[in-house]
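First listed ligand is number 1; within each ligand, the first listed atom is number 1. For the single chain, residues carry numbers from 1 onward in sequence order.
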Amino acid sequence: MDLIASCDGKRIIDVGAGASTLIESLVDNGYDVTVLDISSEALRILSNRHGNNLEYIRGDLSKKLDLGAYEIWHDRAVLHFLVDESAREKYVSNLESCISSGGFAVIETFSTDGEKMCCGLDLHTYDEEMLIDLLGGNWFLVDSIRHTHINPFGGERPYISTIFQRK
Ligand SMILES: C[S@@+](CC[C@H](N)C(=O)[O-])C[C@H]1O[C@@H](n2cnc3c(N)ncnc32)[C@H](O)[C@@H]1O
């Protein structure tokens, strides 16, 4: 919430939202929230919790999506599952389709000094330079924080959380 609150704007899309309780904090803090996930089960859980308070999009970030316009894009723990370069290119093009100049991307992924697999899936992990390279020249890095996330099974997962702003 601190990272998101440091960005100007209240219109946010949380991609790969899962069943995150972050959504509750966003709603409580007056954000206009859209959640996107590939999983209809995740969206069903969020819909049971939040009903008409959110907009819901079922979509695969590795494919071209028709998204609205937002001021903030938030991703915790989706990008690192996109192991194919073509999928990552689509991710960036989806991001750029809905965040215009002055808008923000808050991107949080497993860092390169952590695990290379999660839930039996291969990961593509990141450091600051890799995220800067991925987003390309239309963005600048505002802030970057390293921290250790403790997963639900007690495992330590080194993370990198970044804020980018579109030029
Ligand atoms: C590890 S969970 C993170 C959930 C939440 N953001 C959090 O931090 O607790 C990853 C989420 O990304 C979704 N996901 C995975 N691949 C995706 C894709 N290609 N497009 C959209 N969502 C995807 C999964 O369904 C899952 O809900």
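The CG atom of Leu82 lies 8.0 Å from the CG atom of Asp60; values are rounded to the nearest 0.5 Å. The distance from the CE atom of Met1 to the CG atom of Leu3 is 10.0 Å, given to the nearest 0.5 Å.
Within a 6.0 Å sphere centred on CG of Asp28, other residues, nucleotides and ligands contribute more than 12 heavy atoms.
The stretch residues 91-112 participates, sequence neighbours left out, in these ring-ring contact (aromatic ring centres under 6.0 Å, His included) pairs: Trp73-Tyr91, His80-Phe110, Phe110-Tyr159. Every pair passing side chain to side chain donor-acceptor pair (under 3.5 Å) that includes a residue from residues 96-109 is listed here, sequence neighbours excluded: His74-Glu108, Glu96-Asn138, Glu96-Trp139, Glu108-Ser161.
Within the 4.0 Å heavy-atom shell around ligand 1 one does not find Ala19.
Considering Arg76, Glu108, Arg58, His80 only, the shortest heavy-atom separation from atom 9 (O) of ligand 1 involves Arg76. Considering Ile23, Asp37, Asp60 only, the shortest heavy-atom separation from atom 26 (C) of ligand 1 involves Asp37. For atom 5 (C) of ligand 1, the candidate residues are Ala77, Ala17, Ala87; the nearest heavy-atom contact is made by Ala17.
Interface atoms of ligand 1 facing Val78, defined by a heavy-atom separation under 4.0 Å, are 12 (O), 17 (C), 23 (C). With ligand atoms numbered from 1 in the order given, ligand 1 contributes 20 (N), 21 (C) to contacts under 4.0 Å with heavy atoms of Gly59. The contact set between ligand 1 and Ser39, taken as ligand atoms under 4.0 Å from a residue heavy atom, comprises 25 (O).
Nearest non-hydrogen protein atom to atom 20 (N) of ligand 1 is Leu61 N, 2.9 Å. Atom 23 (C) of ligand 1 has its closest protein heavy atom at Ile38 CG2, 3.5 Å. Atom 11 (C) of ligand 1 has Gly16 O, 3.6 Å as its closest protein atom, hydrogens excluded (heavy atom only).
Close N/O approach between Leu82 and ligand 1 is not found [any backbone or side-chain N/O within under 3.5 Å].
Under a 3.5 Å cut-off, the side chain of Asp127 and the backbone N or O of Glu129 do form a donor-acceptor pair. Judged purely by atom type and a 3.5 angstrom limit, Arg88 uses its side chain to pair as donor or acceptor with the backbone of Val83.
Counting only N and O atoms by type, the side chains of Thr148 and Glu156 include no donor and acceptor under 3.5 Å apart.
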